[in-house]
There are 2 protein chains.
Amino acid sequence: MTQRKILDESLTLFANHGYENTTLANIAEAVGIKKPSLYNHFKSKDAIFLHVLEDVAKREMDYLSSQADLSADHTIYERLHHIYRSYLSHMADSTEGMFFKRVTFFPPEEFSEQIKEVFLMVENNMTDIIRPVIEKGIEEKVLRPLSTDTLTSAFYTLIDGLFLEENFYDKAVFEQRQQASWEIFWLGIKEPELEE
Amino acid sequence: MTQRKILDESLTLFANHGYENTTLANIAEAVGIKKPSLYNHFKSKDAIFLHVLEDVAKREMDYLSSQADLSADHTIYERLHHIYRSYLSHMADSTEGMFFKRVTFFPPEEFSEQIKEVFLMVENNMTDIIRPVIEKGIEEKVLRPLSTDTLTSAFYTLIDGLFLEENFYDKAVFEQRQQASWEIFWLGIKEPELEE
DNA sequence: CCTACCGATCGGTAGG
DNA sequence: CCTACCGATCGGTAGG
């Protein structure tokens, strides 16, 4: 179906070059049709973007949820670490992740409201996943008795920092930075008397 | 001097709207001249951008250095915290900070090399500032005996995370997140036996 | 799904 | 520093 292909190719182009640097001619060429034919499927460039955005939001949340379920019967450390790792590798390697990073960090101005909404939706989805893990960790005295808000906030800052850094460093440096950051984070949240 | 005004107005426009969304007509209007008159001062739009980039790099590094000197006779905690706070408030409030964030995160493709260079230069500058503080902290047994690389990496991830988040949250939420992240970071790096 | 075309706007130039 | 203008390209439309 051509409509599907338009959305897929647009996602790739928006992810790699941004909305403003992607022209309808670029999209048409990637799809293998002429520019005016795009208007048989979408009424404007804006409409294509908003469809892509909606698709990505849905897929991001499905992905996060599926990853959370995977580690349900492991230790607190393993569960948090798994969420952390899978989120990062997703953001680093997938086209959806690149698109999401690009539009959330510096959104095309005309869409900034919708994009903010999507960002907060994905974040709430993430909170629903990690909050029970953190609460269980405090209850079992694996984590320090800090407020859940403090712990989730610090977790977000951790992944947001790496989410950004993934753009600047080669794989080796990024991997090193990612391990170091996790190590300090874990030392900061775990109950200090705890043996590992 | 008109040249100075062109650079200042361009910085503001690039910071707020990005390179691709700023036209020479926008710049000329902000300066109060007509578009072709810009060519008496710069030979192209690219040249204006590169001059702005160079200016910002210089000012960023001067700013960081001046902040580091300020807290030389304080405790390790105070020194690290001061660097952390002043860097963040600078990034959040200044036009230079916004420009720096925009171009480093998703650089205009034709300048990605020069921008990466500038980013790494500023980062090296930051490393020169925090490394001696961290080394002294380990030596004095205020910080855990981890490798300096691990500690600086985690510090960067912390500030990069907040650097990104500053875009999404209102002042109050950001302030809360920033305090929570610092708290966990400090718990992660400080020598656990230490009384505060 | 195409060819042909639109008005607007882009960075940049000629010439004074 | 300006007016007048350039070729190229943008998103989008007419008409089949």
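For clarity, every value in this text was computed on a predicted model and none was experimentally measured. Note: hydrogens, waters and symmetry copies are ignored here, and every other heavy atom, side chains too, is used. So that the names make sense, note that chain A is the first sequence line, chain B the second, and so on, each numbered from 1.
- Remark: C1' of C:dG11 and CG of B:Asn21 are 15 Å apart, rounded to the nearest angstrom.
- Note on A:Ser37: a base of the nucleic acid sits closer than 4.0 angstrom, heavy atoms only.
- Distance, B:Ile27 CD1 to C:dG11 P: 8 Å, rounded to whole Å.
- A:Tyr19 and A:Asp46 share a donor-acceptor pair across their side chains, judged by distance under 3.5 Å alone.
- Of the two residues near DNA chain D, A:Ala25 and B:Val31, the one whose nearest nucleotide lies more 5' is B:Val31.
- If you check C:dG12, D:dG11, D:dG12 against the side chain of A:Thr23, the one that comes closest is D:dG11.
- With a cut-off of 3.5 Å on both pairing distances, the Watson-Crick or G-U wobble partner of C:dT3 is D:dA14.
- Out of D:dA14, C:dG11, C:dT13, the shortest distance to the side chain of A:Pro36 is found at D:dA14.
- Contact check, A:Lys34 against C:dC2: no side-chain N or O comes under 4.0 Å of OP1 or OP2.
- The NZ-P distance, from A:Lys43 to D:dG12, rounds to 9 Å in whole Å.
- Per the geometry, CD1 belonging to B:Ile48 stands 10 Å off P belonging to C:dG11, to the nearest Å.
- If you find the closest nucleotide of DNA chain C to A:His41 and to A:Lys35, the one lying nearer the 5' end belongs to A:His41.
- Here the side chain of B:Tyr39 is nearest to one of C:dG12, C:dT3, D:dG12, namely C:dG12.
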Notebook entry, point to check: Between B:Glu140 and B:Arg79, is a salt bridge (Lys or Arg N to Asp or Glu O under 4.0 Å) present by the stated rule, with each step listed?
Noted result: CA-CA 14 Å; B:Glu140 294 179 356; B:Arg79 289 174 72 181; over 6 Å; no
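- Between the CD atom of A:Glu20 and the C1' atom of C:dC10 there is a distance of 15 Å, rounded to whole Å.
- The separation between A:Phe49 atom CZ and D:dG12 atom C1' is 19 Å, rounded to whole Å.
- Stacking of B:Arg177 on the aromatic ring of B:Tyr169 is recorded, both the 6.0 Å distance cut-off and the 45° axial limit being met.
- Judged by the 6.0 Å and 45° rule, A:Lys190 forms no cation-pi pair with A:Tyr77.
- A:Asn21 and B:Glu20 form a side-chain donor-acceptor contact under 3.5 Å, judged by distance and modelled atom types alone.
- Distance CD (A:Glu29) to C1' (C:dC2): 17 Å, rounded to an integer number of Å.
- Here C:dG12 presents its P atom at 15 Å from CD1 of B:Ile33, a figure rounded to the nearest Å.
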